[in-house]
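Lettering of chains follows the sequences in order, A, B, ..., and the numbering in each one begins at 1.
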Protein chains: 4
Amino acid sequence: MSLAVVVHAPRDLRVEDVPDPSLEADEVEVRIGVGGICGSDLHYYQDGGFGTVRIKEPLVLGHEIAGTVAAVGAQVTAVRPGDKVAVNPSRPCGQCRYCREGLALHCLDMRFFGSAMRFPHVQGGFRQRLVAHERQCVRVPDDLPLEKAAFAEPLAVCLHAVSRAGPLLGRRVLITGAGPIGMLTLLAARHAGAAEIVITDIAAPPLALAERLGADETINVAKDPAAMARLQAGKGSFDVMFEASGHEAALRQGLEGVRPRGVIVLIGLGNGDTRLNLNLAVAKEVEVRGTFRFDAEFAWAVEAIASGRIDPSPLLTDVMPMRDALHAFEHAADRSRAMKVQLAFD
Amino acid sequence: MSLAVVVHAPRDLRVEDVPDPSLEADEVEVRIGVGGICGSDLHYYQDGGFGTVRIKEPLVLGHEIAGTVAAVGAQVTAVRPGDKVAVNPSRPCGQCRYCREGLALHCLDMRFFGSAMRFPHVQGGFRQRLVAHERQCVRVPDDLPLEKAAFAEPLAVCLHAVSRAGPLLGRRVLITGAGPIGMLTLLAARHAGAAEIVITDIAAPPLALAERLGADETINVAKDPAAMARLQAGKGSFDVMFEASGHEAALRQGLEGVRPRGVIVLIGLGNGDTRLNLNLAVAKEVEVRGTFRFDAEFAWAVEAIASGRIDPSPLLTDVMPMRDALHAFEHAADRSRAMKVQLAFD
Amino acid sequence: MSLAVVVHAPRDLRVEDVPDPSLEADEVEVRIGVGGICGSDLHYYQDGGFGTVRIKEPLVLGHEIAGTVAAVGAQVTAVRPGDKVAVNPSRPCGQCRYCREGLALHCLDMRFFGSAMRFPHVQGGFRQRLVAHERQCVRVPDDLPLEKAAFAEPLAVCLHAVSRAGPLLGRRVLITGAGPIGMLTLLAARHAGAAEIVITDIAAPPLALAERLGADETINVAKDPAAMARLQAGKGSFDVMFEASGHEAALRQGLEGVRPRGVIVLIGLGNGDTRLNLNLAVAKEVEVRGTFRFDAEFAWAVEAIASGRIDPSPLLTDVMPMRDALHAFEHAADRSRAMKVQLAFD
Amino acid sequence: MSLAVVVHAPRDLRVEDVPDPSLEADEVEVRIGVGGICGSDLHYYQDGGFGTVRIKEPLVLGHEIAGTVAAVGAQVTAVRPGDKVAVNPSRPCGQCRYCREGLALHCLDMRFFGSAMRFPHVQGGFRQRLVAHERQCVRVPDDLPLEKAAFAEPLAVCLHAVSRAGPLLGRRVLITGAGPIGMLTLLAARHAGAAEIVITDIAAPPLALAERLGADETINVAKDPAAMARLQAGKGSFDVMFEASGHEAALRQGLEGVRPRGVIVLIGLGNGDTRLNLNLAVAKEVEVRGTFRFDAEFAWAVEAIASGRIDPSPLLTDVMPMRDALHAFEHAADRSRAMKVQLAFD
């Protein structure tokens, strides 16, 4: 038995003992060091889920995790005990139609840590002892702090979003929403050669941070609606937009700001239906592309963080011990003060 | 002076004399033979416009036109008097940012026949004498009936939509809406190598025609909603969907029927906002692409019709003399009996 | 024991008994009906191999095969005894890096029927009894002649080549080489919507057949070199070229005939090095793309043949009994008289 | 009259007076500050040209130029006297087929400064007074040294090469040839998010510089051929290769090092024919893409240099006065000591 952070119902979050999983020959036991609290973790905690996804049994949360290899199964060759690893929460089946097509992220039998999408739920990574498939464990340098390694997962989401956008080299980019995903998309888009990046939000503190991270322009759409209108002049000026706020208004504004043949990448999930003036998308031949999780980009994220080419550190607000999970979740939910809050498990 | 079909206000359509335009050195005077009545012509006639586009002065309608060259300007080399031509209604400026980028269809100063998008309006092609730029006149074989040539414009719209979808070879295709655009998209998609084509509508007669034109399956979604549900099983089965109905319900259903990484091409223009469950687009990484008019595809359409590789003839319901324009417009608006109605100008 | 066509050494081809393979739970035993003789079969027979690929032990030839299911393993669900099937000769490992990326055709452990690329060789399909994986057996309609079904493999090669070229809709296409691959590429390119197809060769009979199959222009480059020069005027006029002859001269001429940003797809394998004026490729930004075998296109080929949308029948010169394999191979090698020769196994 | 650097014949380079060009309404007169000596300038000087391009009359060399606006024509709005500008040497016609398609770099009537490709030759930019079209003059910040601005042209070549490669985010890149183009490609590929960059050459000094510029690995193929062999293991390991040496051996080695479906971008122009084992390109489905000059990338290059996101300064070996042009050209030709040599014109 070892400790885990378990949600039982909305607002019912407990730190309690869970049984240790057994170790198969192709699996790795990881002593989790830190784990970042994600928006979906907050939704499980606050609302018991999102959209049609609801918790139906106690669920160990967490999928932004890094730790140290404690033991390896008999066939494991990629890592050894003592190695530091970032853990990829995706475990596709490898056999279904989409896996065989190279689209493992759309696996029909995906097991993703800390997700209530299937039942029984797939238990997550906010726990002291985790067992994962060998392929889920990506080694990081010994001298890389686990706090940085735990950013691999959300950064992978953003690198995948950037990949979905097509080449950004020389392009003019709009990002709506300056939460952790918007912010990491900013770093990822710059990394991919974007020429100009404008980011919007309705809160001042994250926009101030965005500026420090290299945004070329920040717009507080709550205070300065005229700024956005300016960017919509003519047929719009952005080649690519990343929607990372989950708000209808942001998408509606963006659709006017994107130029003919521009691309809008939807990262944020809203609640239910969105109202859009699709005639604009038709007349400007705009493309709206969904993006979901990641695949090869997890390894890219590890490499970019390990090499220092992308540094997520400025996003880390706090690291709090797992026994204070409740406080940590409340802290993470406070956008005015927190960007990314991590839990420490040892 | 010569006769033209002019809309003055909703339900106020007149056949009346209009002044003959002058002929510049790079222009061609065409004696119009026939012209097809398009959905937008019907909107001008019935409602005085669509969306934010409204008639503010009398407008000669028509942009699906073919005729015979009557005279050519001094510099014209592409056609000679007596040549039969299909007339491309697009006249881009050739100088703006988009023209220089090779995106003439997004020209910031586009002049498109029979359109109230700009003011003064650009007068259209339902007239006995029309002057167009040399580049707008695409020669067709002498033995090609002008009725067929006049399908070049709507077919170009559909070939462009197919181009926007990416390769169709071997793909499974859904078309929602079996009006003239849906039907020509069916022919265009087959022409581009689609493996399987399913088409939906809420009326039986066009679906019966679609079957004769080679649709692999037709679904009357008004009578057989279960059929569509079947195609949405799993994560959906269509690689590509063309929305040609302009109805929100069709788009919503289609979004569930399209497989992960599938593409939805929006051809139809709705009225105002559309409500969509974009979370589906996110989770399946679906792409929604607008398509608008055409560019090089006008010449492709002429070639495909002239070579017989695409035969639009089964879509032609009637050819009526221009003096009966009012009847022709009423006839064209009756989906239960008419697919495409053309006017004859001589 | 059952009969097979086995090459022992150059010019040493025997029809002899080979042991019947055992049947695993996910495998299917097929009673082979017919098999087409491919260029690589001829190379094994005439030269003992091609390039660095050489026979080092007796090899059952053949990979263009179709037959009837005789028995199925315990887990097989896709086909039943009595079903007619086209057999896909590719059996990827499903585990390697490329299989997991969805690039099974580049599998690092590929087993392809009738190939000496690995040792022990993978025995081929010119035999009365063949065992294949369930996934290799694609059912065809009961009323489809096996002679047509056996064209699925070479047609799949050409559909894959067409896929590699990108969209052909409206494009101007050059095919160099009017052998079976060039000819099926002609059918595949037309099927994919190519607007104009020019095909070249140095022999008159295949060009005459190409004309009957719908080529817009045929050029005998041995007799009419000026025709090719005409097509190279300016910076070249072809959007896409398929090189299906394996001859350096064809590729060199084609490079001059392809327009800026045009695409050359290399299907043909030459012997050793090729001399090219790559400065032309640089200045015109031409893309030269290799194409190799196929993947999903095998199923597409079956579907296109079964639906009648592509009819390979005119390419079939003769069907000869397996006991006359030696005559059949000599016949197949005579380009002046034969396009495709098949063996019958029952 | 003002001074210019003029080549009259191989090894006959003179600094002499040339007539000042007249200024049209849409043109700008630029007082040239500095100009970088390019490989093609050296070829004109050393050999009188390259490939089939030969000087047939005295030619002012130079196309990597920056300066200060001296005067503007009546219609010019983009720049004013006193502005610092980088000068784009490309002047497409704007009317031909390729210009209308958005492929201005393949203009059939291109006028490119300092080029003998057409006759009369287009005189170049190594002169004190230059007249260019308004669109050729891209403003740079007042505090940007002209030495940096003059790198915009070769950097644009490399950004275009990178664009031609498709997305580099997360990709493994090989660059063959560590001259100025290889080196700027290194900076451009890193800028576009390449994960790992290996660069090869046969000389030690440029490889040492490449390491300082951030190459992940440098290989001296003259001294360590085994290193390259290692990278060719399996089916090859590079996603993308940039050939910037113009040497056949580099391309041949690279073809073995590139993985299945990998892309080779050809920047370097060789002399005449290249011998290649294209069977490798076929079996691995490698794409070989030519790249030529640039288009929108000139503005991107200016932006990247002005923002400091790409710093070409370490490549600048020397700035020498125009009166010492002969010494400067000899210096530039000495790869053991020089990377980029610029001339100063005032």
Report summary line: In terms of heavy-atom contacts, A:P260 and B:Y98 come closest through CD-OH, 3.1 Å
Query - Point-to-point distance, once rounded to the nearest 0.5 Å, from CD of B:Q123 to CG of B:L61 - result: 9.0 Å
Query raised in the report: Got a sec, which pairs hit ring pair (Phe, Tyr, Trp, His ring centres under 6.0 Å) with one end in residues 231-278 of chain A, sequence neighbours left out?
Result: none
**Report entry** B:H121 (side chain) donor-acceptor with B:K56 (main chain) under 3.5 angstrom
**Finding:** yes
Report summary line: The interface call for A:L266 against chain B, heavy-atom contacts under 4.5 Å, is both
**Report entry** Structural part of B:I264 lying under 4.5 Å from a heavy atom of chain A
**Finding:** neither
Report task. Return yes if some donor-acceptor pair links the side-chain N/O of A:Q232 with the main-chain N/O of A:Q253 below 3.5 Å, else return no. Result -> yes
Report task. Determine yes or no for a side-chain-to-main-chain donor-acceptor pair under 3.5 angstrom, with B:E297 supplying the side chain and B:D295 the backbone. Result -> yes
**Report entry** B:R230 bridged to B:E217 by N-O distance under 4.0 Å
**Finding:** yes
Report summary line: Among B:A283, B:A281, B:G234, the residue with the most heavy-atom pairs under 4.5 Å to chain A is B:A283
Report summary line: Rounded to the nearest 0.5 Å, the NE2 atom of B:H191 sits from the CG atom of B:L186 at a distance of 13.0 Å
Requested in this report: Tell me, out of B:R252, B:R261, B:K235, B:E101, who's got the most heavy-atom pairs with chain A below 4.5 Å.
Outcome: B:R261
Query - Options A:R289, A:E248, A:K284, ranked by heavy-atom pairs under 4.5 Å with chain B, top entry - result: A:R289
Query - residues 159-180 of chain B: residues contacting chain A (heavy atom under 4.5 Å, by number) - result: B:H160, B:R164
Requested in this report: Mind checking the CD-NE2 spacing from B:E285 to A:H106? Nearest 0.5 Å is all I need.
Outcome: 3.5 Å
Report summary line: What one should report as the nearest heavy-atom pair of B:A156 and B:A301 is N-CB, 3.8 Å
Query - Which atoms of B:L103 approach chain A - backbone, side chain, both or neither, heavy atom under 4.5 Å - result: side chain
Query raised in the report: What part of A:L280 is in contact with chain B, defined as an atom under 4.5 angstrom from a non-hydrogen atom: side chain, backbone, both or neither?
Result: neither
Query raised in the report: Can you name the residues of residues 39-54 of chain B that have some heavy atom under 4.5 Å away from a heavy atom in chain A?
Result: none
**Report entry** Residues forming a side chain to side chain donor-acceptor pair (under 3.5 Å) with A:R293, sequence neighbours excluded
**Finding:** none
Query raised in the report: In Å, rounded to the nearest 0.5 Å, how long is the span from CD of A:E153 to CZ of A:F298?
Result: 7.0 Å
Query raised in the report: Do you know the tightest heavy-atom contact between A:A250 and A:E243?
Result: CB-OE2, 3.7 Å
